[in-house]
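To find a chain, count down the sequence lines: A is the first, B the second, and so on, and within it residues start at 1.
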Amino acid sequence: MQERVTTALLGALNGARLKGQLKTTAWPTLTLDAPKRPEWGDLASTVAMSLASSEHKAPHDIAQIIVENLSQGEQLFDRVEIVRPGFLNLTVKPALWQEVLREIELQGVRYGRALVGAGRRVLIEYVSANPTGPLHVGHGRGAAVGHAVVRLLNAIGYDAVGEYYINDAGRQMKLLGASVYARYQELSGRTAEFPEDGYHGSYITIVAQQIKEQLDLVAGELTPADLETRCRTLAYQILLRLIRDDLRSFGIEIQSWFSEASLLESKAIERALDELKTRELLFKQDGAWWFRASVYGDEKDRVVKKQDGEYTYLASDIAYHHDKLRRGYDLLIDVFGADHHGYIPRMQAVMQAYGHPKDRLQVVLVQLVKLLRNEVEVKMSKRTGEFITMREVIDEVGADAAKFYFLMRDSKTHLEFDLELAKQRSADNPVYYVQYAHARICSLWRVASERGMVRPSAVETDLTVLTDPDELGLIKKLSAYPEMIQASALAFEPHRVTYYLQQLAAQLHTFYNKHRVLPPATDQEHNESVSAEVLTPKRTAARLVLMGAVQHVLRNGLNVLGISAPEHM
RNA sequence: GCGCCCGUAGCUCAGUUGGAUAGAGCGCCGGGCUUCGAACCCGUAGGUCGCAGGUUCAAUUCCUGCCGGGCGCACCA
């Protein structure tokens with residue numbers, strides 16, 4: 001729909017240029033706004049005003065010229081109006097809106113999908129929590145956002161894949177092993193010294209208990225050092241499985257898992273650094289090796305190999321991103337916690353160091369979740385082991401509600417999440433509002449089929465009876481869906497979808513409350529007296545088609561966010 | 001001190017990339033089910049868009065400077 005109008009406008013502009021009425025060579029990109037007030041029409045364009053300066057003409061005159069050159073205006077619009085400064089307000093013929101419903105029914109689950117990605121390959125790295133403990137709420141938000149971005153990009157024609165980078169090497173792993181080993185010793189009745197920076201969470205003891213059960217048979221034959229190693233690898237495996245299970249119960253399957261340790265084993269770190277060395281982007285100073293990040297706009301150079309010969313975390317990350325580039329992705333997206341934002345210039349420097357534009361890597365920042373319980377902030381700390389896990393949140397409020405909640409707000413702003421509120425009022429969580437709209441429509445199908453009615457198809461139905469403002473309003477909202485999805489995907493901002501869905505659901509509820517779709521089950525003579533609109537079979541059929549289209553869009557929208565669209569609730 | 005993010009209704013937040021009289025949920029107050037699901041709807045109240053300049057036909061949106069909040073600024077990960 002929007003496309004047809006845009007091309008019509010473009011045609012008018014070009015026509016005017018041919019006649020010499022306009023002289024601008026490159027038109028600005030034509031966007032159509034949905035005006036806020038009904039008297040401003042269905043769609044509005046601001047081209048005339050943005051052309052004012054380059055044309056040296058009054059916006060109103062330019063608008064006039066455009067209108068004169070609208071060759072198919074008669075077929076498309078009921079009304080074309082020029083308002084004050086130079087708004088071009090278009091009222092589209094209902095027949096064209098009605099066609100949108102046929103389009104939606106025809107495309108079904110594909111409605112809202114697009115090809116703008118042209119199959120370009122994108123890798124989205126998200127969550128990537130250290131496998132040293134369960135996922136907490138903050139990870140939940142990152143998971144929801146990353147997952148939604150993957151699905152959004154796939155929806156508009158990219159070939160997008162999600163990946164989890166496992167930090168299974170280095171200091172954190174050693175600490176994990178030592179912590180579990182200490183608890184293991186305690187469980188065996190021996191005193192043990194707990195590592196200073198170890199993990200204090202109670203889950204460590206539980207893991208140690210599991211490991212003890214596995215190791216008790218062979219423990220006698222192992223040296224303490226061996227035992228500690230076994231503790232480390234077993235704990236790692238247990239925790240990674242836990243993370244995977246948590247994500248799965250959150251409805252998230254990450255396609256690819258990438259191990260940091262594999263970079264060490266395969267010497268990929270050496271190779272990646274060697275390549276930097278040949279590009280003269282590494283230098284040695286004070287016994288350490290440095291990456292010349294400052295050449296590419298980072299504030300300072302960064303150590304990649306310490307005096308003691310150990311690699312820094314950055315070295316692994318360089319090798320990891322080097323590997324991503326080698327795998328041939330057109331675009332890399334890292335979903336970072338906002339506290340890592342200082343890392344962005346550094347990683348974009350890495351892109352450039354390997355000869356790519358810095359925007360080959362895009363970063364989606366996810367601000368930390370401020371967790372509340374009864375309006376009191378819950379402090380979280382891995383050190384003391386006091387934190388609310390993602391699992392708890394899912395168990396308390398459900399995966400759908402948690403996801404929707406995490407996706408409701410722009411990811412780079414703070415999110416308040418009150419557990420008690422979410423629990424107590426789970427029934428009026430916005431996600432249920434949207435899902436309820438879907439379920440309500442489904443219930444129409446059930447009632448209709450009980451009455452032996454057949455669901456009408458859009459093509460065979462006379463849709464011209466859909467002229468009520470509430471009906472056309474719904475259709476307009478539906479027609480805006482594909483553009484919304486595209487904008488949301490390209491900006492990596494899933495919250496636009498949740499916002500849209502709430503608006504659409506609101507319109508549906510309003511409609512549902514005000515108008516009937518199916519005739520009343522029993523004939524009631526006295527009810528037709530008051531304000532009842534005439535519900536002809538024709539109108540019922542057309543409205544059923546409309547309801548079907550709304551259902552499709554609600555389902556597609558929820559689906560792209562990874563949220564279910566239940567038929568009853 | 002430097003850098004990034006944020007500041008919009010009592011609270012939590014949107015605002016379609018610069019458009020017209022700035023919106024929603026919650027909360028407050030008042031209404032609406034004998035009929036397709038009331039997990040819903042309708043109405044009232046609530047605003048100097050942090051402050052001050054600038055850019056232009058037009059600024060909540062872009063620029064500059066302040067103020068306030070959060071987070072970063074390791075040979076840690």
- Heavy-atom contacts under 4.0 Å between residues 493-509 of chain A and RNA chain B, which residues? A:H495, A:R496, A:Y499, A:H509
- Across the strands shown, which category fits A:A439 at heavy-atom distances under 4.0 angstrom: base, sugar-phosphate, nothing? base
- With RNA chain B as reference, determine whether A:L415 or A:F87 sits nearer its 5' end, using the nearest nucleotide of each. A:L415
- Task: Would you please confirm or rule out a distance under 4.0 Å between OP1 or OP2 of B:rA14 and any side-chain N or O of A:T413?
- Result: yes
- Task: Starting from the 5' end of RNA chain B, give me the residue, A:R409 or A:Q172, whose nearest nucleotide shows up first.
- Result: A:R409
- So, A:W445 versus A:Q551: side-chain donor-acceptor pair below 3.5 Å or not? yes
- With sugar-phosphate meaning primed atoms plus P, OP1 and OP2, does A:S443 contact a base, only sugar-phosphate, or nothing at under 4.0 Å between heavy atoms? base
- Task: For A:A44, report the nucleic acid contact type (base, sugar-phosphate, nothing); a contact means any heavy atom under 4.0 Å.
- Result: base
- Query: What's the shortest heavy-atom distance between A:L504 and A:L554, and which atoms?
  - Reply: CD2-CD2, 3.9 Å
- Indicate, with a heavy-atom threshold strictly under 4.0 Å, whether A:W289 touches base, sugar-phosphate, or nothing. nothing
- Protein-proximity profile, nucleotides 67-72 of chain B, B/S/- by nucleotide at the 4.0 Å heavy-atom cutoff, equals ---SBS
- Message: Both distances below 3.5 Å, Watson-Crick or wobble geometry, any strand: find the nucleotide opposite B:rU55.
- Response: none
- Task: May I ask you to evaluate whether A:R440 reaches the phosphate of B:rA38, defined as a side-chain N or O under 4.0 Å from OP1 or OP2?
- Result: yes
- Query: Which pair of heavy atoms, one from A:K538 and one from A:V465, lies closest together, and at what distance?
  - Reply: O-CG2, 4.1 Å
- What is the ring orientation for A:H340 with A:Y343, classed by angle as parallel under 30°, tilted 30 to 60°, or perpendicular over 60°? perpendicular
- Message: I want to check one thing: is the phosphate of B:rC5, taken as OP1 and OP2, less than 4.0 Å away from some side-chain N or O of A:K412?
- Response: no
- Message: Need the pair for B:rG3. Rule: Watson-Crick or G-U wobble, both distances under 3.5 Å, any strand; none if unpaired.
- Response: B:rC71
- So what does A:V517 hit on the nucleic acid, given a heavy-atom distance under 4.0 Å: a base, only sugar-phosphate, or nothing? base
- A:T46 near the nucleic acid: base, sugar-phosphate alone, or nothing, with a heavy-atom cut-off under 4.0 Å? base
- Is there a donor and acceptor pair, one atom on the side chain of A:N89 and one on the base of B:rA20, closer than 3.5 Å? yes
- Message: If we ignore hydrogens and angles and just use 3.5 Å, is the side chain of A:T461 paired with the main-chain N or O of A:A541 as donor and acceptor?
- Response: no
- Please work out if A:R446 contacts a base, only the sugar-phosphate, or nothing of the nucleic acid, heavy-atom cut-off 4.0 Å. base
- Message: Can you tell me whether the base of B:rU17 sits syn or anti, using the 90° cut around 0 to define syn?
- Response: syn
- Item | Donor-acceptor contact present, side-chain A:H321 to main-chain A:I318, <3.5 Å | no
- Item | Among B:rC13, B:rC40, B:rC75, the nucleotide that comes nearest once only the side chain of A:Y433 is considered | B:rC40
- Query: Given B:rU17, B:rA20, B:rC40, which nucleotide is nearest the side-chain atoms of A:D33?
  - Reply: B:rU17
- Base, sugar-phosphate, or nothing: which does A:M569 touch, judged by heavy atoms less than 4.0 Å apart? base
- Task: Could you tell me whether A:K305 contacts a base, only the sugar-phosphate backbone, or nothing, with contacts defined as non-hydrogen atoms closer than 4.0 Å?
- Result: nothing
- Query: So what does A:D410 hit on the nucleic acid, given a heavy-atom distance under 4.0 Å: a base, only sugar-phosphate, or nothing?
  - Reply: sugar-phosphate
- Item | Non-hydrogen side-chain atoms of A:I485 and A:Y500 separated by less than 4.5 Å | no
- Message: Counting the atoms with a prime plus P, OP1 and OP2 as sugar-phosphate, which does A:A491 contact under 4.0 Å by heavy atoms, base, sugar-phosphate, or nothing?
- Response: base
- Regarding the side chain of A:R37, the nearest nucleotide among B:rU21, B:rC13, B:rU16 is B:rU21
- Reckon A:A288 touches a base, only the sugar-phosphate, or nothing at all at heavy-atom distances under 4.0 Å? base
- Whole-Å distance separating the CZ atom of A:F406 from the P atom of B:rU12: 18 Å
- Side chain of A:Y512 (C-beta onward), nearest among B:rA77, B:rA14, B:rG37: B:rG37
- Which class fits the ring pair A:Y165 and A:Y320: parallel under 30°, tilted 30 to 60°, perpendicular over 60°? parallel
- Message: So A:H60, base contact, sugar-phosphate only, or nothing? Heavy-atom distance under 4.0 Å.
- Response: nothing
